[in-house]
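To start, the structure itself, in structure tokens.
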Amino acid sequence: MNILLVAINAKYIHSNPAVYSLKACTGMYSSHVQIAEFTINQAPAFILQEIYQKKPDVIAFSCYIWNRILIGQLIGDLHKILPDTELWAGGPEVSYDPYEVKKEWGLKGVMAGAGEGSFSFLVAAYVKGTADSLPDVLTTANTPRLPFEDIPFWYRDMELSGNRIIYYESSRGCPFSCSYCLSSIDKQMEFRPMKRVCEELSFFLEQKVPQVKFIDRTFNCNKNHALPILRYLLEHDNGITNFHFEIEPCLLDEDYFSLLKQMRPGAVQLEIGIQSTNQQTIAEIDRNMDFAKAAGAVRRILSWNNIHVHLDLIAGLPYEDFPSFQASFNDVYALQPMQLQLGFLKVLKGSAMAARAQKYRLVSSSQPPYEVLSTQWLSYEELCRLKQAEEVFEIYYNSGQFAHTLRLLLSYFDTPYAMYDGIAAWFAKHHLFGILSSRTRKYEILLEFGASRITSSLPAEAGASAARQLLALRETLTFDLYLREHMKNRPSFAATNGRWKQAVSEILRAEANTHALFPEYSGLSYRELTKALHVEVFETLYEKPAAVIFSYHKRDPLTNNGMAVRATLPL
């Protein structure tokens, strides 16, 4: 019996923990189960061929909002090329309306809800030849339910190599009731025994995997569970592995802060869902969040410069109109997280938000991911405008490549949102959306936008001031570029450093003699240093002309930037 579990991920770096967990739970029958992982970026024809060549007797698809359309397309063709193969589906995208999905796709059946017990039951039935008696829909009500603590560690026999994200689960369920989230439906919380959690985390640490992403819905909802895990990671840090957690900031206390402050820079990254700072919105979505307390926790964590902080906002929530969302954005932007995700409401089937859609005059796409199109507070046109702002925000803020330039440009705008809205309008005006620009071109676009803003904000007679401010913009862009990357070719927008050529040479010769600033390059000659380091002279960024040496031997674990060190400028 050949049973194929198919996962279709959003990106190559992602993996699907569900299919590995399902297989691990089949015990003595696991040899009958294969796993095939693909991505939504691969051609459907390629995926179809790969599945066909495995000649499965049974296929089970893991279904989510990002792959449902593609899976439906594949199933239609699989019925034609593998007519005797029985098809099943499971996952959150088919659990709400399993009978409708079964009929729509012509499936043998659907696994709804937690699937480990159901899939184990299904595999045993096929191996034993009793599959004809399986119910159309397998649930925890009609199949043996596996307690979370009994689910095997599915990575044990795997070699974890490459740069793929490793997903790990130490708890299931969520104690909160956010109306947009399916996790709020089941209030039952289950926790993996601490001894097993530590043993399993040690496996990742020993293999030195780059990142382990906890998929616990609220990692710190139980202090007695979360604190020992953080303490274990602090005590067993391997200097390489990063651990990602989704947390509720208002639950953090001095015990959490004490541990987090001690973490190696880059060892931990925290994702925090703010969603909105409109208190009426927060109350309406059944969320209990004190923004002032959350902001205080975020500022405190960021002040240590050792933890990557990712904050989330959601556009399209009830009572959040266009000005209100701008206010939420400005509030959260002021915290200056490493990343800020501008998400758009997904009206998930089975969620409380979907049940209240008529009340909110909430219109969403009929196709996955069921994204909001309009509400009684936010029009489709306004959502399109937010989408454009989100796109340029990803390019310029979340990339982390333009931090100093964005701070400079912000002084020419009343609010942070106004700046990104202005950049988006510039993109639209010059037909830049939908074009894949090179890294250098992104800098050039920001220069063009910034230059336009600077000149339009100054009176016509302010020629000397305008020239100096434009030079400052060019130099700041140059600083950002060299901070991130050692460019082989000098970018066209960089100010000419010709008159400083001799000074730059003297700085490098002095460093080659003393290695005072970069002792890690102590074995390099002057000529070798000219290739390893970059020296730039800035005339406007400091009180007087100053030289900065950029090094890339050691990068900031939070930003991936190189090092920038001031050097004495020979005059």
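Note that the numbering runs from 1 along the sequence shown for the chain.
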Under 3.5 Å, which donor-acceptor pairs do the side chains of residues 260-269 form with other protein atoms, sequence neighbours left out?
{"unit_1": "Gln262", "atom_1": "NE2", "unit_2": "Ser258", "atom_2": "O", "d": "2.9"}
{"unit_1": "Arg264", "atom_1": "NE", "unit_2": "Asp237", "atom_2": "OD1", "d": "3.1"}
{"unit_1": "Arg264", "atom_1": "NE", "unit_2": "Asp237", "atom_2": "OD2", "d": "2.7"}
{"unit_1": "Arg264", "atom_1": "NH2", "unit_2": "Asp237", "atom_2": "OD1", "d": "3.0"}
{"unit_1": "Arg264", "atom_1": "NH2", "unit_2": "Thr241", "atom_2": "O", "d": "2.9"}
{"unit_1": "Gln269", "atom_1": "OE1", "unit_2": "Gln211", "atom_2": "NE2", "d": "3.4"}
{"unit_1": "Gln269", "atom_1": "NE2", "unit_2": "His244", "atom_2": "ND1", "d": "2.9"}

Glu391 meets the salt bridge (charged side-chain N to carboxylate O under 4.0 Å, His left out) criterion, sequence neighbours left out, with none

Glu190 meets the salt bridge (charged side-chain N to carboxylate O under 4.0 Å, His left out) criterion, sequence neighbours left out, with Arg145

Can you classify the ring geometry of Phe433 versus Phe427 as parallel (below 30°), tilted (30 to 60°) or perpendicular (above 60°)?
tilted

Evaluate the ring planes of Tyr443 and Phe493, with Trp represented by its six-membered ring, and classify them as parallel (under 30°), tilted (30 to 60°) or perpendicular (over 60°).
parallel

Sequence neighbours excluded, the answer for side chain to side chain contact (heavy atoms under 4.5 Å, CB included) partners of Ser438 is Thr440, Arg441

Could you list the residues that satisfy ring pair (Phe, Tyr, Trp, His ring centres under 6.0 Å) with [X], not counting sequence neighbours?
X: His534; value: Tyr482
X: His553; value: Tyr521
X: Phe203; value: Phe153

Looking only at side chains, do [X] and [Y] share a donor and an acceptor under 3.5 Å apart?
X: Asp480; Y: Thr405; value: yes
X: Gln34; Y: Asn2; value: yes
X: Tyr397; Y: Tyr333; value: no
X: Tyr526; Y: Ser505; value: yes
X: Ser202; Y: His236; value: no

If a pair satisfies side-chain hydrogen bond (donor to acceptor under 3.5 Å, both in side chains) and one of its residues is in residues 60-70, list it, with sequence neighbours excluded.
Asn16-Ser62, Arg68-Glu93, Arg68-Glu104

Salt-bridged, Glu200 to Arg196, with N to O below 4.0 Å?
yes

Test the Arg192-Phe148 pair against the cation-pi criterion, namely NZ or CZ under 6.0 angstrom from the six-membered ring centroid and within 45° of the ring axis.
yes

Could you pull out the closest heavy-atom pair between Ile282 and Ser276, with the gap in Å?
CD1-O, 3.3 Å

Summary of salt bridge (Lys or Arg N to Asp or Glu O under 4.0 Å) pairs that have at least one residue in [range], sequence neighbours excluded:
range: residues 549-566; answer: none
range: residues 18-37; answer: Glu37-Arg164
range: residues 212-228; answer: Arg217-Glu246, Lys223-Asp253, Lys223-Asp255

May I have all residue pairs that pass ring-ring contact (aromatic ring centres under 6.0 Å, His included) and include part of residues 17-39, sequence neighbours excluded?
none

Phe204-Tyr155 aromatic ring centre distance below 6.0 Å:
yes

Just checking Phe214 against Tyr167, ring centres under 6.0 Å apart?
no

Evaluation steps, side chain to side chain contact (heavy atoms under 4.5 Å, CB included), between Leu259 and Arg231:
CA-CA 7 Å; Leu259 280 173; Arg231 190 173 296 112; 4.2 Å; yes

Verdict with reasoning, Met194 to His225, per side chain to side chain contact (heavy atoms under 4.5 Å, CB included):
CA-CA 7 Å; Met194 190 53 54; His225 177 77; 3.6 Å; yes

